[in-house]
Protein chains: 2
Amino acid sequence: MDRISKLTATAEQLFDRHGYMATGIDRLTEAAGMSSRTLYKHAGSKAALMARVLTERDRRFMARLDVQTVDALFAALEDWVRVEGCRGCLFLRSRAETGGDTPEIADAVAAHKDAFHRRIAEVVAKDLGQDDPALAEQMLILFEGATHAAVYRGQQAVAAARAVAAILLESARG
Amino acid sequence: MDRISKLTATAEQLFDRHGYMATGIDRLTEAAGMSSRTLYKHAGSKAALMARVLTERDRRFMARLDVQTVDALFAALEDWVRVEGCRGCLFLRSRAETGGDTPEIADAVAAHKDAFHRRIAEVVAKDLGQDDPALAEQMLILFEGATHAAVYRGQQAVAAARAVAAILLESARG
DNA sequence: ACCAATGTAAAACGATTGCTTTACTTTACA
DNA sequence: TGTAAAGTAAAGCAATCGTTTTACATTGGT
């Protein structure tokens, strides 16, 4: 694992667990086992590092959502929550923490949410046999809802959202 | 309006718009039109101020959810989003920003989410004519989903969640 | 008229911020 | 073997953090 990957992975952990603003450079360098000089040479800035973290997370997250059915979408979220824990959506959180005023971060978030929305619409279309933007919107809401409710309601929130998704899909079919 | 109310209202605006960590004391005192001495005399600390903000917000938010039907629940959210904007749930955000390590904040968030969950269960029970914890969980997910999807999908997210809620309730009745 | 409460502005607290620099060591390859 | 790239530790940058203090002004009630 090269240094920049190590740094990105470490930063993702710390930003996710303690918050972007609350995580100082010192904590980052210590955890990643490198000097601040090396960190800045590779990352450019703290904001750019966060953007890199988000881009990498988007890649990993979207790879999990590479599925064929709506049910698999929520199954993937169950896996994600089990593996990565549930502290809310890091994308929305990092944008909120910076008030949307850090372009590198705001752009990475916008790109992710756009891709996320498109993916859900694709899966819904594939599963249903036709486009259904309204149903996709509902699935997106269930997904976001499960993600954030899971923070304080636990895993069962994802299972509940999954059940609703099945009802909606069945209803759209019939 | 007395000083502490003015301070609390100002702090809520700034924390919500720019984030808790990103909002410094100087910005707070300037916006509230008071010295830092007065701020600390009334608020105690920055974290205590945030806890006060959350408690006050809980009061205002829960007052809006004092309704009799599930549909009115989502209508109330539509109003809230229209009036207060949509930057996600300030409770979850502030806990995430502090990594859950600031007891005053974490406690205020836990208290709110507990009351929120209970309120939804109450309204569901009233509207349906009987308790239905599973349905309440689903409604909670829709509510959270609408709140967070609205950040990047806009008002329509709330309307979509409202439609799903109606379907679920009808389905539970039949 | 007085006193206690409550406010102010402004300086300073030590700690920490993101970031840069200096000086030195290790590594890899021709 | 020699050299260039890439790493390190550690000190230091000005700025800002949340917080406290100092010294003084303005109130309202007895």
Side-chain angles (χ1 to χ4, degrees), chain A residues 1-54 93-108, chain B residues 1-54 93-108:
Chain A
M1 199 179 204
D2 60 352
R3 310 190 77 81
I4 181 64
S5 304
K6 173 78 179 304
L7 172 59
T8 306
T10 303
E12 181 176 359
Q13 262 203 53
L14 291 178
F15 287 156
D16 185 43
R17 216 165 286 263
H18 305 291
Y20 168 68
M21 284 295 196
T23 304
I25 295 291
D26 289 1
R27 210 170 183 179
L28 249 2
T29 56
E30 193 187 3
M34 67 182 56
S35 68
S36 62
R37 169 117 199 230
T38 304
L39 183 149
Y40 276 99
K41 177 168 280 189
H42 282 107
S45 70
K46 193 190 184 188
L49 175 57
M50 182 42 131
R52 185 185 292 272
V53 163
L54 293 178
R93 283 168 50 202
S94 58
R95 200 182 66 166
E97 274 209 60
T98 54
D101 298 328
T102 309
E104 305 162 277
I105 294 177
D107 291 351
Chain B
M1 199 180 204
D2 62 351
R3 310 191 76 82
I4 180 65
S5 304
K6 173 77 181 304
L7 172 60
T8 307
T10 303
E12 180 175 359
Q13 262 202 53
L14 291 179
F15 288 155
D16 185 42
R17 217 164 285 263
H18 305 289
Y20 168 68
M21 284 294 195
T23 303
I25 295 291
D26 289 1
R27 210 170 184 179
L28 249 2
T29 56
E30 193 186 1
M34 67 182 56
S35 68
S36 63
R37 169 120 198 226
T38 303
L39 184 150
Y40 276 97
K41 176 168 280 188
H42 284 104
S45 69
K46 195 191 184 188
L49 176 57
M50 182 42 131
R52 185 185 292 271
V53 163
L54 293 178
R93 283 167 49 201
S94 59
R95 201 183 65 167
E97 275 207 61
T98 54
D101 298 326
T102 309
E104 305 162 278
I105 295 177
D107 291 351

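Quick note on labels: first sequence line is chain A, next is B, and so on, each numbered from 1.
The backbone N or O of Met34(B) lies less than 3.5 Å from no partner atom in the side chain of Thr38(B), so there is not a single donor-acceptor pair. Here the side chain of Glu97(A) pairs a donor or acceptor atom with the backbone of Met21(A) at under 3.5 angstrom. With Arg93(B) contributing its side chain and Asp16(B) its backbone, the two residues share a donor-acceptor pair below 3.5 Å.
Protein atom CG of Asp2(A) is 20 Å distant from nucleotide atom P of dA5(D), rounded to whole Å. The nearest whole Å value for the distance from the CD atom in Glu30(A) to the P atom in dT8(D) is 14 Å. In this structure, Arg3(B) places its CZ atom 8 Å from C1' of dT6(C), rounding to the nearest Å. Taking atom NZ of residue Lys41(B) and atom C1' of nucleotide dA9(C), one finds them 15 Å apart after rounding to whole Å.
For the atom pair NE2 of His42(A) and CZ of Arg37(A), the computed distance is 11.5 Å after rounding to the nearest 0.5 Å. The structure places CZ of Arg95(A) at 11.5 Å from CG of Leu54(A), a figure rounded to the nearest 0.5 Å.
Residue Ser35(B) places no side-chain N or O under 4.0 Å from the OP1 or OP2 atom of dA10(C). The shortest distance between the side-chain N/O atoms of His42(A) and the OP1/OP2 oxygens of dG7(D) is below 4.0 Å.
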For nucleotides 15-26 of chain C, just jot down a letter per nucleotide in 5' to 3' order: B, S or -, based on protein non-hydrogen atoms under 4.0 Å. --SSBBBBB---

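For the helix from dA1(C)-dT30(D) to dA30(C)-dT1(D), the axis fitted to the five pairs at one end and the axis fitted to the five pairs at the other end meet at an angle of 10° (nearest 10 degrees).
Geometrically, Lys46(B) does not engage Phe15(B) in a cation-pi contact, judged by NZ or CZ lying under 6.0 Å from the ring centre and within 45° of the ring axis.
Side-chain contact annotation: Thr8(A) with Ser5(A), donor-acceptor N/O pair under 3.5 Å absent.
Between Ala43(A) and Leu7(A), the shortest heavy-atom distance links the atoms CB-CD2, 4.2 Å.
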